[in-house]
Amino acid sequence: SAVISQKPSRDICQRGTSLTIQCQVDSQVTMMFWYRQQPGQSLTLIATANQGSEATYESGFVIDKFPISRPNLTFSTLTVSNMSPEDSSIYLCSVARGTGDQYFGPGTRLTVT
Amino acid sequence: QQQVKQSPQSLIVQKGGISIINCAYENTAFDYFPWYQQFPGKGPALLIAIRPDVSEKKEGRFTISFNKSAKQFSLHIMDSQPGDSATYFCAASTDGSSNTGKLIFGQGTTLQVKP
């Protein structure tokens, strides 16, 4: 498995501001993923982050809104930019092991007012 | 074609009973099918996963049944306990044998096990 931590665990932000979420893994991984889970809903992939290359975004998500950094094999950040109340969600990072298994962090609970 | 359809949306089971959650998919390229358990305020935890080369996989009280021809798979929780009360998500991905596959999630099932 993997030990994954996220910071912050929760935040309340004002409309129009930005928040950067950090994801730290206890061992080196090639692939990291960022998901969004809207209240009471399922998980939707935002982007895939490879170390040393640009993140790959899913349909409906753009780099200007959700810039991602992946400076090394154990760390990634997701920024939620120019926030609106519709961005209120849980943001989760996950990592994949060579078996295909994916493990999730505890999530960052974001409320935009 | 990328969807994974999960049912039921909610499920109430008596303690000691069997909980059954079903998922169906269309994309025959999917080759990895995990189940996740999520408690309120927590991230999803990987429970058990299966690949199409087997029809069943069991880990403790949790069993995945897989029907490749019907493009369906299900989670069975035997001897359900109140501590199993959580939301369960099925998922599917391609490239399951590597670490590059992105997960497509079902809509989730909220399970309540009554004591």
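In what follows, every chain begins at residue 1, and chains take the letters A, B, ... in the order their sequences are listed. Worth knowing before you read on, the calculation uses all heavy atoms, side chains too, and leaves out hydrogens, waters and symmetry mates.
- Contacts between residues 105-112 of chain A and chain B, counted as heavy-atom pairs separated by less than 4.5 Å, involve Gly105(A), Pro106(A), Arg109(A).
- Every pair passing salt bridge (charged side-chain N to carboxylate O under 4.0 Å, His left out) that includes a residue from residues 51-79 of chain A is listed here, sequence neighbours excluded: Glu58(A)-Lys102(B), Lys65(A)-Asp87(A).
- Following chains of ILVMFWY side-chain contacts shorter than 4.5 Å, one cannot reach Leu78(A) starting from Ile4(A), and the two form parts of different hydrophobic clusters.
- When every heavy atom of Leu92(A) is checked against every heavy atom of Pro44(B), the shortest pair comes out as CD2-CD, 3.9 Å.
- Against chain A, the residues from residues 106-115 of chain B that qualify, each with a non-hydrogen atom under 4.5 angstrom away, are Gly106(B), Gln107(B) in number order.
- Neither the backbone nor the side chain of Gln6(B) comes within contact range of chain A; no heavy atoms are under 4.5 Å apart.
- More than 12 heavy atoms of other residues, nucleotides or ligands sit less than 6.0 Å from atom CZ of Arg61(B).
- Residues from residues 34-44 of chain A that place a non-hydrogen atom less than 4.5 Å from a non-hydrogen atom of chain B comprise Tyr35(A), Gln37(A), Gln41(A), Ser42(A), Leu43(A), given in numerical order.
- For a residue to count as touching a neighbouring chain, one of its non-hydrogen atoms must lie under 4.5 Å from one of that chain's; by this rule Pro34(B) does not touch chain A.
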Begin with the C-alpha distance, continue with both residues' side-chain angles, and end with the deciding distance and a verdict on side chain to side chain contact (heavy atoms under 4.5 Å, CB included) for Tyr32(B) and Asp101(A). CA-CA 9 Å; Tyr32(B) 173 72; Asp101(A) 293 342; 2.5 Å; yes
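- Heavy-atom distances place both the backbone and the side chain of Leu103(B) under 4.5 Å from chain A.
- The cluster map of Ile, Leu, Val, Met, Phe, Trp and Tyr, joined by side-chain heavy atoms under 4.5 Å apart, puts Ile90(A) and Ile21(A) in different clusters.
- If you chain together hydrophobic residues whose side chains sit under 4.5 Å apart, Phe33(A) and Tyr57(A) never meet in one group.
- If you chain together hydrophobic residues whose side chains sit under 4.5 Å apart, Ile104(B) and Phe61(A) never meet in one group.
- The 12-atom threshold is not exceeded at CD of Gln14(A), counting heavy atoms of other residues, nucleotides or ligands nearer than 6.0 Å.
- Between Gln102(A) and Tyr36(B), some side-chain heavy-atom pair lies under the 4.5 Å cut-off.
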